[in-house]
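Everything numeric in this text was worked out from a predicted model, so none of it was measured.
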Amino acid sequence: METKLKPIDTSIWRKKPLAAYEADMKKSELKRVLTRWSLTSLGIGAVIGGGVFVLTGIAANEWAGPALALAFVMAGVACAFAALCYAEFASILPVEGSAYAYSYGTVGEIFAWLIGWNLILEYMMGATTVAVSWSGYFEKLLHLVGINPPIWLMNDPITAQEKAEKLRAAGENIPDFSFAVNLPAFLIVWCVTYVLVKGIKEAASTNNAIVILKVATVIFVIIAGSFYVDVANWTPFIPAPVIDAGGQQHYGFNGIVTAAGIVFFAYIGFDAVSTQAGEAINPKKDVPFAIIASLIICTVLYILVSLVLTGMVKYDSLDLKAPVAQAFADIPGLTWAVYLITIAAIAGLTSVMLVMMLGQTRIFLGMAKDGLLPKNLFASIHPTFKTPWKSTILVGAIVSTVSALTPIDKVSELCSSGTLLAFAMICGAVWLLRVREPNLERPYRTPALPVVATLGICANLYLMYNLRTDTKISFVIWCTLGVIVYFLYSRRHSHLNNPDDHQ
């Protein structure tokens, strides 16, 4: 008697069987040791970094003025809707792989691919932004100890020329240069890459120590800086709109919305909690709790920092690369505080960079295991270090090159655009799954899901729409490239074409 073979599903909406995830969880050798507060600590550690220490300067100086606080509120609300939807997904599928894994098992392959493709943009451009931020604070530390390296060695070509022109206009003798590179950013990326290839993993206690240092520094900035706030710097709170040569509005309401899209980068990281689900003691309850708790704590801190910073320094005088340290440097007698802030920022940014590059390689690994990316490159495990060494080196090469040659505002906005779309898609996916699979076990259910999901989709897409035109063009090119890669390679090599391959 012949056995009838089940026909292969060739639809772009085919899903990875939930049984495959259950098998993955059972085979996992990870120790479940993380409590809800350990997970929350990881979330805070991943979130607080380049956003609060750097992008506050760009967003306030060029786009929102003192109304930067409103931009953080706007971005936080948009992020909160996504976080609530993220939490429901995390409770349904408490596995590593973040939104990509959730979507593949519940919505479909093309949807999961697009989210995974945008997560690549989030993590890779996020690590790039943090590398440039790290360089800015490292340069600040060198200046504090009396070392003044040449502009062309510490900045990308565009930023180096802009700085040189400003200094020449101020009467300084700056020699001409035909070459510029952000060498510190380039080198720190390769240091982190080396650590990731070697497989050195931070213990939970070490991460907690870094989190304590960063949070303590942020609280210090808020308390100490409040004594030096000049309320005159908050006037006008929302500067009058200004239209630049390209037709883009700075300041005013539209400027605040654009700033919100920029500082949205400051919230990226809470989703990193979901990648630790395999090590959580009670992932179905604790992961959703940690996602929401870390977001709330960071939002409150961000709003307070933005108010203090724009109160200490007039918004149009804020430093673009190290605004927090520069604000304290301009106050006589607070040099010691500048050292504290600078060292804390350098340490904190290093850990954020490590988490982002680690997350990037994990996403690559998951997609390669499913056949959507070349397995011999992205899922190749080093025989000694037991790490995905080839993809780690590839990520290091890309991040180091981009961070060495690209201005920070360009890469941070591109990172935000990828995350905004991914968050909007997650909101829609959770709602769709609630309709398709109403009886699926949901230890955490997003309250008022139709309202939350609709607001999440609209808020994230609205922030994305208000990003700069060149950023949106670059993002469309990135997404188009992703669709081409999917149909030329990923769809044909997916393990769902041969379910027996999906181990």
Side-chain angles (χ1 to χ4, degrees), residues 48-62 68 127-156 158-164 166-167 170 172 174 180-189 191-192 210 213-214 216-222 224-225 228 265-266 305-306 308-310 312-353 403-404 406-409 411-412:
I48 294 180
V52 69
F53 287 121
V54 178
L55 294 182
T56 45
I58 295 169
N61 186 308
E62 299 182 355
L68 172 64
T128 301
T129 303
V130 173
V132 178
S133 306
W134 188 96
S135 173
Y137 274 90
F138 180 71
E139 183 178 10
K140 179 69 64 178
L141 183 62
L142 292 179
H143 289 165
L144 287 173
V145 297
I147 300 174
N148 297 297
I151 292 176
W152 59 268
L153 200 60
M154 304 297 290
N155 298 276
D156 63 88
I158 295 175
T159 305
Q161 289 294 345
E162 290 176 351
K163 281 192 171 185
K166 286 183 180 180
L167 290 172
E172 293 193 32
I174 304 296
V181 62
N182 193 332
L183 185 61
F186 183 86
L187 294 178
I188 187 60
V189 170
C191 289
V192 171
I210 294 174
L213 174 64
K214 289 196 287 189
T217 302
V218 170
I219 292 173
F220 168 79
V221 168
I222 294 168
Y228 298 93
F265 173 83
V305 167
S306 63
V308 167
L309 195 59
T310 53
M312 292 177 69
V313 181
K314 191 69 175 177
Y315 68 90
D316 55 3
S317 299
L318 280 169
D319 187 65
L320 296 185
K321 290 180 73 177
V324 180
Q326 187 60 51
F328 280 83
D330 292 339
I331 298 174
L334 283 185
T335 306
W336 61 271
V338 180
Y339 279 102
L340 172 66
I341 293 167
T342 304
I343 292 171
I346 289 173
L349 290 170
T350 303
S351 69
V352 173
M353 201 187 320
S403 63
T406 312
I408 186 173
D409 57 335
V411 290
S412 63

With heavy-atom distances below 4.5 Å as the criterion, would you say the side chains of Val189 and Met353 are in contact?
yes

Let me confirm one number: the CG-CD distance from Leu153 to Glu139, rounded to the nearest 0.5 Å.
9.5 Å

Does Val313 reach the side chain of Gln326, with side-chain heavy atoms less than 4.5 Å apart?
no

Nearest-0.5 Å distance that lies between atom CG in Leu340 and atom OG1 in Thr217:
5.0 Å

Please round to the nearest 0.5 Å and tell me the distance separating atom CD1 of Ile346 and atom CD1 of Ile341.
12.0 Å

Side chains of Thr406 and Asp156, heavy atoms from C-beta outward: is any pair under 4.5 Å?
no

Of the non-hydrogen atoms in Gly57 and Pro323, which two are nearest, and what is the gap between them?
N-CG, 3.6 Å

Distance (rounded to the nearest 0.5 Å) between Ile58 CD1 and Leu68 CG
11.5 Å

Rounded to the nearest 0.5 Å, what separates atom CH2 in Trp134 from atom CG in Leu187?
8.0 Å

Residues in side-chain contact (heavy atoms from CB on, under 4.5 Å) contact with Ile331, at least two apart in sequence or another chain:
Tyr228, Met312, Leu334

What closest approach, in Å, do Ile48 and Val352 show between heavy atoms, and which atom pair accounts for it?
O-CG2, 3.5 Å

Close side-chain approach of Ile151 to Leu167, heavy-atom, < 4.5 Å
yes

Are any non-hydrogen side-chain atoms of Cys191 and Ile188 less than 4.5 angstrom apart?
yes

